[in-house]
Structure formats: C-alpha cells, structure tokens
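Both backbone and side-chain heavy atoms feed into the values below; hydrogens, waters and symmetry mates do not.
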Amino acid sequence: MTIYAEMAAHLNAALDALETSGLLPAGLDRGPITLEPPRDASHGDMATNAAMVLTKGAGKPPRVLAEALAAELGALAAVARVDIAGPGFINLTLNDDAWRGELRQIQALGDDYGRSNMGGGMTVNVEYVSANPTGPMHMGHCRGAVVGDALAQMLEYSGHRVVREYYVNDAGGQVDVLARSVHLRYCEALGMDVGEIPEGLYPGDYLVPVGAALAAEFGDRFVGEGEGAWLALFRTRAVAAMLDRIRADLALLGIHHDLFTSEAEIQADGLPTAAECWLRAHDLVYDGVLDAPKGEVSEDWEPVELPLFRSSQFGDDQDRPIKKSDGSWTYFGADLAYHHEKAKRADALIDIWGADHAGTVKRIKAAVAALTGGKTRFDVKLVQMVRLLRDGEPVKMSKRSGNFVTLADVVGEVGKDVVRFTMLTRKADAQMDFDFARVVEATKDNPVFYVNYAHARAASMARRAAEAGVDYAAGDHGAIDLSHLDTIDLGLARIAATFPRMVESAATAREPHRIAFYLNDLAAAFHGWYNLGNDDPSRRVVQAENAEQTMAKLFLTSAIGQILRNGLHLMGVEPVDEMR
RNA sequence: GGCCCCGUAGCUCAGCUGGAUAGAGCAUCGGAUUUCUAAUCCGAUGGUCGCAGGUUCGAACCCUGCCGGGGUCACCA
C-alpha cells in the first residue's frame with residue numbers, strides 16, 4: 001500500500017474510534033474529507049480538513065474534533081508530530097523512516113507504483129480522433145488524438161477497462177465526394193488528361209495511388225460510365241484506403257484503436273430507426289418545422305417538416321433534425337444511435353472532440369441522457385485549437401489546395417515523443433501554440449527536454465557510479481542502508497509519493513495534462529537536488545570512498561527515475577537513458 | 001444576438017473538482033562552472049486572480065450580471 005492510501009486508512013480508523021467513543025455520530029458522510037500535501041511545506045507532510053468538514057454533522061466546533069483526531073493520529077508510528085492550525089486543519093509530519101519505507105515501496109512496485117483499482121473494473125469507452133476518412137491525418141487532428149490516447153492509458157492504469165474507439169464517418173456526402181475524386185484519379189491512371197481537379201473535389205495527391213490501384217484491378221471498365229456503375233464500389237475502396245492511411249499515421253504516434261465502428265453499418269443495422277421509435281414513444285422526437293436561420297436569410301431556405309429531437313428542453317438553442325428532407329439520417333440522427341449503442345457496452349463514455357464542434361455538445365448529451373435514462377456518465381472533452389508556428393511566425397495553411405500540414409510531416413520533423421509530450425503541456429480547454437523551433441529546444445523552458453534530461457541524468461548516475469567502482473545494478477538493494485538519506489534527500493520521496501494520487505485525480509477529472517505538469521515539477525526538484533552536490537561535494541551522489549552512502553543515494557535516484565518512467569509511459573513517451 | 005471555452009506576475013501558463021501567506025518557466029537583476037553531462041542550479045524583483053455583486057467557517061475555483069479575446073451558430077460532417 002502506498003503511503004497516502006495507508007494514512008487515509010489510518011484516518012478512517014481514527015474517525016471510527018471517535019464514533020465509538022461517541023464524539024462523532026455514526027454515518028456521517030466522509031466523502032468531502034481529504035488528506036493531501038499542504039501547499040506550504042512548512043505545514044507538514046499531509047493535512048486533513050476532516051474536523052472542519054464534520055463540524056456541522058457532529059454539532060461540535062472543529063477545534064474539539066481536531067484535538068480528538070490529533071490524539072488518535074499522533075499515536076501512529078509513522079507520525080512524528082501533529083499540529084492543529086488555522087480554522088481546524090490537522091497537519092501531520094511523518095518521520096523519516098516512513099519516507100524511506102515509501103522509497104522501498106516505489107522500488108518494489110516498479111512500473112506498478114501509481115497503478116490502482118480506482119475504477120473497479122468499470123468499462124470506459126473513449127472515442128477519439130474519428131477524423132473523416134477522406135484524407136491523411138493533419139495537425140488539426142493531432143491534439144485530440146494524443147489527449148484521448150493518454151486519457152485511455154491513464155484510465156486503464158487506474159483500474160478501468162478501456163475501449164479505444166474510432167467512429168468512421170463513412171455515410172455522409174463527403175465520402176461520395178471522395179469516391180468521385182478517386183474516380184478522377186482512376187481515369188488519370190489510365191492515361192486520360194483530367195486537367196485541374198475541379199472545385200469541390202479533393203485535390204490531394206494522396207488519392208493518386210488509390211486511383212492507380214483501381215485502374216490496375218478493373219482496367220477501363222468504369223471510364224465513361226455513370227456514377228451508378230461505380231460510386232458504391234469506389235466509395236468502399238476509397239474509405240478502406242483512407243483508413244489504412246489513417247491507421248498508419250496514428251501508428252506514427254503510437255496510437256492504436258481497439259475498435260473502428262462504421263456509421264454506414266450503424267445505419268444498415270437499423271439502429272437510428274430503433275432510437276427514433278423509442279424517442280417518439282417518449283415524446284422526445286416529433287415532426288416539426290425549424291425556425292428560419294437568424295441573421296441573413298439565405299435565398300434557398302424554406303420551411304420543411306422534419307423529425308426533430310427536443311434538445312431545446314435540455315438547454316439547446318433549438319430542436320435538432322435527425323433526418324433530412326430526403327429521408328436520410330442527419331449526422332446527429334446516426335450519432336445518437338451510435339452513442340446509445342456504445343452506452344450498452346460500457347459503463348461510462350468519453351468523447352474527445354475538436355472545439356469547433358462545441359455547438360453540438362448539448363444535443364448529444366441530451367440524447368444520451370434520454371436514451372440511457374441518465375445512468376451512463378458521458379463526458380465530452382473539447383480540445384481547443386493548436387496554432388502552428390515556426391520561430392514565432394504562423395505556418396501558412398491552405399486547406400483548399402489540399403496543402404495542409406500533415407501529422408506524418410510533423411512527427412517526421414520533431415519526433416513522436418516531442419509531439420505527444422507537447423500536446424499535453426496545456427490543459428485541453430485552453431488554446432495552445434505549437435512552435436516547431438521551440439518544441440525541440442534543449443532548454444529548461446521546454447518540458448519535453450527537461451523531463452527527459454532528468455530521467456537521463458538518473459540513468460547516467462548509475463553508470464558513473466559503476467565507473468567509480470560502485471555497481472548499483474549488481475548490489476543487494478534490500479540490504480541498502482537508507483539511513484544515509486537525510487531529510488533533504490527525502491524531500492524527493494515526498495514529491496514522488498504524490499504520484500499515485502495525482503494519477504487518480506487526473507483520471508477522475510479526465511485531465512491528462514496534469515501528468516506533464518507533475519513530471520516537470522518532479523524533474524525540477526530532482527535537478528535541484530542533484531545540483532546541491534556542486535556547492536557541497538559531500539552531497540554528491542557518487543562518492544567512490546563512501547560506497548554505502550552512494551548506494552543509498554542511487555536507490556533514491558533510481559526511485560525517482562522509476563516515477564519519471566511511469567509518468568512518461570502514461571503519456572506514451574519513451575524515456576531516454578542518455579542525452580545526445 | 002444565442003451558446004461554448006478562455007481571462008491569474010511584463011510574456012507563456014499551472015493551481016490537485018471550496019482550504020491556510022495564489023505558484024512555475026521566460027524576461028530583468030545578482031550569484032554558482034578545473035561538472036557526479038552547468039543542456040543545470042541558487043537568490044531577488046514582480047499579482048486588486050478582467051469588473052461588480054452573491055452563496056459560507058473559507059472563493060482564483062460555485063451562482064448572477066457586465067467587460068475583453070477566441071470558437072461556433074446547416075437538413076454539413
């Protein structure tokens with residue numbers, strides 16, 4: 001058990017004791033009680049608000065409760081001192097041995113230090129990327145991809161069963177456009193002069209090989225034929241080719257989905273129809289006419305009766321159509337059926353969307369709440385825009401010419417790990433800049449570098465020690481005497497020990513960026529600790545003439561390296577052992 | 001105009017779902033290099049948490065109303 005979990009259990013036992021003694025009534029809600037490191041380290045190692053939170057239910061002043069609790073907690077072996085401060089905080093200071101023990105705990109648990117069963121095996125479906133299968137991945141998709149993947153990783157680590165899902169929008173008009181664009185490339189591959197790609201079709205070169213493959217397979221059978229002869233076939237082939245391409249692009253980032261769900265199949269299976277039936281039966285879908293658009297009225301707008309979902313009952317501006325006037329499903333109509341389907345096979349749903357879809361959050365949340373009876377937690381995580389810069393100047397992008405910055409280009413230029421880490425250095429709902437020059441800078445204001453450097457430094461110290469004749473790897477780690485680590489050294493253990501609770505809170509809040517910030521803090525503490533040896537040689541890690549102390553310091557160093565690795569792993573970033 | 005996100009030090013941003021004296025990096029100023037890789041570290045300066053109310057033991061965080069920046073307002077996807 002990690003030390004925070006252990007102390008939380010002690011706190012609970014202390015509260016039980018207070019109930020037994022009659023000071024606390026039984027059955028008070030302990031949910032709001034926290035046990036966390038105080039902001040100000042001079043207040044001790046851990047602080048609890050228990051006395052203040054329970055004062056109302058107990059009908060006793062916080063001071064009285066605090067004193068009783070302090071008496072219980074002060075009796076624990078791990079606790080060096082207890083203080084009651086401010087309006088009723090109970091501050092605990094643990095003795096050094098407790099922190100030495102936690103270091104052993106880190107070493108013993110290794111890659112699993114920080115892993116928990118918080119989720120209790122609950123199944124969480126994370127849908128992310130879901131880019132239209134009409135071309136390669138570009139930078140606009142990148143942030144959501146990384147955030148979704150890190151989130152999935154975190155949830156798994158916290159005891160959830162995670163399904164990583166990609167929703168393939170292969171049923172709309174855009175895939176017909178794709179098929180026509182491919183047909184043109186197909187004709188081109190057969191030697192026809194197709195000239196400029198017409199406005200409204202996808203102009204990108206990436207469709208050239210798709211057309212060529214179809215030409216090789218089918219010869220000139222579909223030249224000069226009407227769409228009826230080839231559209232469906234070309235659509236299927238083109239989508240498959242684009243998905244292969246997308247999978248390959250995602251693989252460059254180390255991202256692999258468990259499940260690709262086809263919108264066309266959702267529709268073919270009749271799921272939207274079933275959902276519509278159910279919603280009509282509950283008076284949440286009705287036939288009605290939309291209001292005219294506000295602002296300038298377009299000339300081809302005319303009132304038409306459509307099946308509408310009552311999203312305005314859930315705070316949306318207006319009710320939303322689930323079918324078009326030609327009888328086909330709108331994106332929303334299919335999407336709500338898709339979410340209903342997902343909710344049947346998961347306990348909680350998470351969607352990662354680009355901020356440009358913010359306007360559609362209310363309707364889908366409303367639909368999911370209605371279809372699941374509000375029983376399924378459903379979070380839509382909006383990921384804000386990324387501005388691409390090069391040396392501070394915005395990178396020009398022209399979508400019209402098909403000349404966008406692809407994900408493959410970016411990963412090729414700066415590397416997978418830099419992209420992944422950088423995308424997590426801002427909380428998802430804040431806009432961010434991605435500057436090609438800055439993300440590869442080897443300075444401390446670049447957290448990618450800074451954290452990696454800390455890990456490399458940890459690894460290099462073991463190498464240095466071996467050169468000096470102290471072989472850490474070959475030593476008996478259980479026999480290392482940690483009394484050589486003093487309070488200053490153990491300051492690192494204090495920070496390291498907060499890793500498990502940080503992971504849990506980040507998973508609960510669905511905020512993977514917290515990992516990146518935590519690692520940056522830990523790296524800073526570690527670099528600072530290392531540099532103490534520059535002013536005071538007796539604080540150096542590697543001291544050939546003092547093998548015992550060196551082993552103890554390496555034990556600490558290696559524990560910090562372990563935490564850095566565990567955190568980087570959650571972010572999908574490879575730790576490096578050496579800086580070059 | 002409606003909705004969504006943001007507004008915290010000169011700049012870029014954190015702030016652990018309401019806790020104690022609001023924190024980092026950059027920039028500025030002052031220190032530490034015959035290095036356990038100084039690609040680093042230590043110290044100082046710097047804040048009316050956009051504004052005004054409200055909720056309570058306690059608010060940067062929750063509620064209301066304004067102000068400013070961005071996004072979005074299709075039978076598209």
Side-chain angles (χ1 to χ4, degrees), chain A residues 32 34 36-40 42-43 47 49 52-53 55-56 61-62 85-89 91 130 132 134 169 171-175 263 290 293-295 298 301 304 306 315-318 320-326 328-335 354-362 382 384-385 425-433 438 441-447 449-450 453-454 456-457 460-461 463-465 467-468 498 501-502 504-506 508-509 511 513-514 516-518 520-521 524 527-535 537 539-544 550 553 557 578-579:
Chain A
T34 60
E36 51 189 18
R39 275 187 220 281
D40 186 342
S42 71
H43 290 141
N49 60 358
M52 291 176 292
V53 170
T55 183
K56 213 168 216 170
F89 287 102
N91 293 328
S130 298
N132 282 341
T134 55
N169 303 135
Q174 83 283 358
V175 285
E263 179 184 3
L290 285 175
K294 307 234 164 56
S298 96
W301 185 85
V304 182
L306 294 168
D316 204 356
D317 293 354
Q318 54 177 314
R320 304 291 175 174
I322 60 170
K323 273 183 183 172
K324 307 178 202 172
S325 50
D326 68 0
S328 64
W329 296 101
T330 61
Y331 180 85
F332 174 59
D335 202 32
D356 50 341
H357 289 86
T360 66
V361 171
K362 276 187 177 168
L382 289 179
Q384 291 289 330
M385 310 265 124
T425 54
R426 225 56 2 135
K427 61 184 171 207
D429 44 17
Q431 299 176 31
M432 81 181 289
D433 290 345
R438 303 207 65 181
E441 260 176 17
T443 62
K444 69 172 166 182
D445 59 321
N446 179 4
F449 168 80
Y450 191 69
Y453 183 36
R457 174 168 265 172
S460 102
M461 273 189 265
R463 291 195 297 268
R464 287 287 170 191
E467 287 165 17
T498 62
R501 57 189 304 279
M502 186 278 303
E504 288 188 11
S505 67
T508 304
E511 290 189 346
H513 76 278
R514 291 187 196 179
F517 282 92
Y518 169 83
N520 204 54
D521 288 347
H527 285 309
W529 172 77
Y530 170 91
N531 275 279
L532 292 174
N534 287 332
D535 293 333
R539 297 210 66 91
R540 294 192 176 186
V541 175
V542 179
Q543 298 185 43
T550 300
K553 299 248 187 191
T557 299
E578 215 172 341
M579 301 306 287

In whole angstroms, how far is the [atom2] atom of [N] from the [atom1] atom of [X]?
X	N	atom1	atom2	result
A:Trp329	B:A77	CH2	C1'	17 Å
A:Arg539	B:C41	CZ	P	17 Å
A:Lys56	B:G18	NZ	P	16 Å
A:Asn169	B:C76	CG	P	12 Å

Side chain [X], main chain [Y], donor-acceptor under 3.5 Å:
X	Y	answer
A:Thr330	A:Lys324	no
A:Asn169	A:Asn132	no
A:Asn520	A:Ala516	no

Base-pairing mate for [N] - Watson-Crick or G-U, with both contacts under 3.5 Å:
N	value
B:A9	none
B:C66	B:G50
B:A60	none
B:A32	B:U40
B:U72	B:G2

Considering only atom [atom1], compute the distance from [N] to [M] and round it to an integer number of Å.
N	M	atom1	result
B:C16	B:C61	P	12 Å
B:G65	B:U21	C1'	32 Å
B:G1	B:G47	P	35 Å
B:C41	B:C26	P	8 Å
B:A24	B:G43	C1'	16 Å
B:C13	B:C6	P	13 Å
B:A20	B:A60	P	9 Å
B:G46	B:G53	P	27 Å

Phosphate contact ([N] OP1 or OP2) by [X] side-chain N/O below 4.0 Å:
X	N	answer
A:Arg514	B:C16	no
A:Lys427	B:A14	yes
A:Lys362	B:C3	no
A:Tyr518	B:G15	no

Do the non-hydrogen side-chain atoms of [X] and [Y] ever get within less than 4.5 Å of each other?
X	Y	answer
A:Tyr453	A:Lys444	no
A:Thr425	A:Met432	yes
A:Arg426	A:Gln431	no
A:Trp329	A:Glu263	no

Please list, pair by pair, any protein nitrogen or oxygen found under 3.5 Å from a nitrogen or oxygen in nucleotides 62-71 of chain B.
| unit_1 | atom_1 | unit_2 | atom_2 | d |
| --- | --- | --- | --- | --- |
| B:G70 | O2' | A:Gln431 | NE2 | 3.1 |

Measure distances between side-chain N and O atoms of A:Thr330 and base N and O atoms of B:C75, and say whether any donor-acceptor pair falls under 3.5 Å.
-> no
Heavy-atom donor-acceptor pair, A:Asp521 side-chain to B:A24 base, under 3.5 Å | no
So what does [X] hit on the nucleic acid, given a heavy-atom distance under 4.0 Å: a base, only sugar-phosphate, or nothing?
X	result
A:Thr508	base
A:Gly88	nothing
A:Tyr530	base

Ionic contact status for A:Glu504 with A:Arg501, cut-off 4.0 Å |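 So A:Arg501 does not pair with A:Glu504 through a salt bridge.
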Electrostatic pair A:Asp317:A:Lys362 at N-O distance under 4.0 angstrom = no
Could you check which of B:A14, B:U17, B:U40 has an atom nearest any side-chain atom of A:Ala430?
->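 Looking only at side-chain atoms, A:Ala430 lies closest to B:A14.
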Does A:Phe517 stack onto the base of B:A14, taking stacking as ring centres under 5.5 Å apart and planes under 30° apart?
->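 No; centroid distance or tilt outside limits.
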